[in-house]
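Taking it in order: structure first as structure tokens, then the write-up.
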Amino acid sequence: MKYDYLIVGSGLFGSVFAHCANKQGQRCLVIDKRPNLGGNLYCEKISDINVHKYGPHIFHTSNKKVWTFVNSIVEFNRFTESPVAIYKGKAYNLPFNMNTFSQMWGVITPEEAKNKIDEQRKEMEGKIPSNLEEQAISLVGRDIYERLIKGYTEKQWGRKCSELPPFIIRRLPVRFVYDNNYFNDIYQGVPIGGYNKLIEGLLEGIDTKVDTDFFANRREFESMADKIVFTGKIDEFYDYRYGKLEYRTVRFENEILNTSNYQGLAQINYTDAAIPYTRIIEHKHFEAFADDVYKNPQTVISREYSVEWTDGMEPYYPINDEKNTNLYKQYEALAQKEDAVIFGGRLAEYKYYDMGPIVEKVLNMFM
């Protein structure tokens, strides 16, 4: 059978594209090398809890069209991301807001907090930050940097902050209000019943194949469709012609615990360098609005360890330093010459994407 589109990868970009094309009468085949659909959104059921297998995902957007679209596929709950950071046994609210400043310095008013931060920023006065450490201190001062940024960032990137470029942390959200909502977007939530329901809804009525590697039978797959939508690694598509792009990846350590509520919220970051993992995710809190969530006597937690990526591991975070940015531009130039291939998503565009902008981008392609 001849298809209009062969879509390589069933993550959010590929699934939304297939859905929109199908609605316009285009024939689509979606293939994925993993044994399941959904890419990094895939949820695994453990102890009757939807476990975000490839890390936590919270959908957020200020685009009403995007929010209406995803809710037309599956209803989303009203989950609000409000993580906590723990440093040497003390908890601090995130993002940096008046609760954080009160916990750190005992200040009560925004003016007191601003004065404290301005006082600590003075050590960088007149200097141009040459690395991430100096950039962070110039923005929020040494106390916040030492307790809430330094250890976490060094674990995340596997390098000292003094060795990382300043642009990584060019902007830090600082709020002088008592508000722990991590995102500024108007709409925020998680699909009721988990992300698998979103992917299943998007791909309903569309041909799909899992455990199917595009590169194992590339010529055959290319002959099956008029156009290809490619969401994998762009350097792999071009057989690493200019070299391999680099990533950071994550190792997850899951544990089933015989308690109904382990940490009281979905995400706790551990910013102390002495603790090897970056954060602990307790998955049931993503769907805490369901009446029976806390009736479950068990819970599932995931400890996350940030590690250097090597071949065979899942690529997570593009390393947007000068070397990798220049390498990507070479591949991007090749991609722009393609008439029958559409590149989209985190790996194909070598760019960290939130989910909202991915959906918005695909919807705009079909307007």
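Numbering of residues begins at 1 and proceeds along the displayed sequence.
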* Structure fact -> For V30 and G9, the nearest pair of non-hydrogen atoms, with its separation, is CG1-O, 4.1 Å

* **K90 (side chain) donor-acceptor with Q103 (main chain) under 3.5 angstrom** => yes

* Ignoring hydrogens and angles, tell me if any N or O in the side chain of N50 forms a donor-acceptor pair with the backbone of G193 under 3.5 Å. => yes

* To do: Would you please indicate yes or no on a ring centroid separation below 6.0 angstrom for F96 and F101?
  => no

* Asked: Got a second to check how far N36's CG is from T208's OG1, nearest 0.5 Å?
  -> 11.5 Å

* To do: Decide yes or no on side chain to side chain donor-acceptor pair (under 3.5 Å) for Q188 and T80, but give the supporting numbers first.
  => CA-CA 6 Å; Q188 180 178 172; T80 299; 4.7 Å; no

* Asked: Quick one: does L148's side chain get under 4.5 Å of M104's, heavy atoms only?
  -> yes

* Asked: Can you check whether Y270 reaches D272 side chain to side chain, under 4.5 Å on heavy atoms?
  -> no

* To do: To the nearest 0.5 angstrom, please state how far the CG atom of D207 sits from the SG atom of C28.
  => 9.0 Å

* Side-chain contact test, heavy atoms from C-beta onward, threshold under 4.5 Å: evaluate it for V16 versus I358 and give yes or no. => no

* Asked: Are Y247 and Y350 near enough that their ring centres are under 6.0 Å apart?
  -> yes

* Would you please test L172 and I149 for side chain to side chain contact (heavy atoms under 4.5 Å, CB included) and show each step? => CA-CA 10 Å; L172 278 172; I149 298 173; 3.7 Å; yes

* **Any side-chain heavy-atom pair of I137 and R121 under 4.5 Å** => no

* **Contact check, side chains of N269 and I86, non-hydrogen atoms, under 4.5 Å** => no

* Asked: Would one find more than 12 heavy atoms of other residues, nucleotides or ligands at under 6.0 Å from atom CD of E322?
  -> no

* Asked: Does any non-hydrogen side-chain atom of L37 lie less than 4.5 Å from one of V210?
  -> yes

Taking distance alone, no hydrogens or angles, what donor-acceptor pairs closer than 3.5 Å link side-chain atoms of residues 332-347 to residues at least two apart or in another chain?
residue, atom, partner, partner atom, Å
E338, OE2, Y238, OH, 2.8
R346, NH1, P315, O, 2.7
R346, NH1, Y316, O, 2.9

* To do: Show your reasoning for whether side chain to side chain contact (heavy atoms under 4.5 Å, CB included) applies to M224 and K2.
  => CA-CA 5 Å; M224 292 173 66; K2 186 79 171 180; 5.9 Å; no

* Structure fact -> When rounded to the nearest 0.5 Å, the distance separating CZ of R159 from CD of Q156 is 11.5 Å

* Asked: Does atom CD of E163 have more than 12 heavy-atom neighbours from other groups under 6.0 Å away?
  -> yes

* Mark yes when over 12 heavy atoms from residues, nucleotides or ligands other than K65 sit less than 6.0 Å from its NZ; otherwise mark no. => yes

* Main-chain N/O of K244 paired to D235 side chain as donor or acceptor, under 3.5 Å -> no

* Asked: Should we say atom NZ of K329 is surrounded by more than 12 heavy atoms from elsewhere, each under 6.0 Å from it?
  -> no

* Which word best sums up how the rings of F17 and F366 line up, parallel for under 30°, tilted for 30 to 60°, or perpendicular for over 60°? -> perpendicular

* To do: May I ask you to check whether H52 and Y195 place their ring centers less than 6.0 Å from one another?
  => yes

* To do: Begin with the C-alpha distance, continue with both residues' side-chain angles, and end with the deciding distance and a verdict on side chain to side chain donor-acceptor pair (under 3.5 Å) for N115 and D118.
  => CA-CA 5 Å; N115 289 341; D118 287 343; over 6 Å; no

* Asked: If you look only at pairs with a residue in residues 148-170, which of them pass as a ring pair (Phe, Tyr, Trp, His ring centres under 6.0 Å), with sequence neighbours excluded?
  -> none

* Smallest separation among heavy atoms of T299 and E282, with atom names -> OG1-OE2, 2.7 Å

* Asked: Taking it one step at a time, do T61 and D185 satisfy side chain to side chain donor-acceptor pair (under 3.5 Å)?
  -> CA-CA 5 Å; T61 182; D185 288 311; 5.5 Å; no

* Just say parallel, tilted or perpendicular for the rings of F237 and F214, cut-offs at 30° and 60°. => parallel

* In Å and rounded to the nearest 0.5 Å, what is the NZ to CG distance from K160 to L164? -> 11.5 Å

* Sidechain-backbone polar pair: K284 side chain, D48 backbone, donor-acceptor under 3.5 Å -> no

* Atom NE2 of H19 and atom CD1 of I199: how far apart are they, to the nearest 0.5 Å? -> 11.5 Å

* Side-chain donor or acceptor of E360 paired with backbone N/O of V66 under 3.5 Å -> no

* Asked: Which atom names give the shortest non-hydrogen contact between Y182 and P83, and what distance separates them?
  -> CD1-CG, 3.7 Å

* Ignoring hydrogens and angles, tell me if any N or O in the side chain of R279 forms a donor-acceptor pair with the backbone of E304 under 3.5 Å. => no

* **Residue pair N131, S162: steps toward the side chain to side chain donor-acceptor pair (under 3.5 Å) verdict** => CA-CA 5 Å; N131 55 54; S162 58; 5.6 Å; no

* Exercise: identify the closest heavy-atom pair between S47 and I256 -> OG-CG2, 3.6 Å

* Asked: Y54 and I46: same hydrophobic cluster, using ILVMFWY side-chain contacts below 4.5 Å?
  -> no

* Asked: Cation over ring, K114 on F176, under 6.0 Å and within 45°?
  -> yes

* M313 backbone acceptor or donor facing W309 side chain under 3.5 Å -> yes

* Is it true that F286 and F79 have ring centroids separated by less than 6.0 Å? -> yes

* Any donor-acceptor pair under 3.5 Å from N77 side chain to V190 backbone -> yes

* Has the side chain of S15 got a donor or acceptor atom that lies under 3.5 Å from a matching backbone atom of L12? -> no

* Asked: In terms of hydrophobic clustering (I, L, V, M, F, W, Y; side-chain heavy atoms under 4.5 Å; direct or indirect links), are V250 and I280 co-clustered?
  -> no

* Asked: Same hydrophobic cluster for Y328 and Y317, using side-chain heavy-atom links shorter than 4.5 Å among ILVMFWY?
  -> no

* To do: Carefully, step by step, assess K233 and Y240 under the rule side chain to side chain contact (heavy atoms under 4.5 Å, CB included).
  => CA-CA 10 Å; K233 294 187 294 177; Y240 308 107; 3.4 Å; yes

* Structure fact -> Residues T271 and A85: closest non-hydrogen pair is CG2-CB, 4.0 Å

* **Short side-chain to backbone donor-acceptor contact, T249 and E314, under 3.5 Å** => yes

* Asked: Would you say E123 and R142 make side-chain contact, with heavy atoms under 4.5 Å?
  -> yes

* **Spacing of R241 atom CZ and Q330 atom CD [to the nearest 0.5 Å]** => 10.5 Å

* To do: For ring-ring contact (aromatic ring centres under 6.0 Å, His included), just list the numbers for F59 and F76, CA-CA rounded to whole Å, side-chain angles, deciding distance to a tenth of an Å, and then say yes or no.
  => CA-CA 9 Å; F59 197 98; F76 278 61; 5.6 Å; yes

* Aromatic contact, Y87 with Y92 (centres under 6.0 Å) -> no

* Closest heavy-atom pair and its distance - S138, P129 -> OG-CG, 3.8 Å

* To do: State whether Y305 and R251 meet the cation-pi test: NZ (Lys) or CZ (Arg) under 6.0 Å from the six-membered ring centroid, and within 45° of the perpendicular axis.
  => yes

* Side-chain contact, heavy-atom cut-off 4.5 Å: Y145 with Q120? -> no

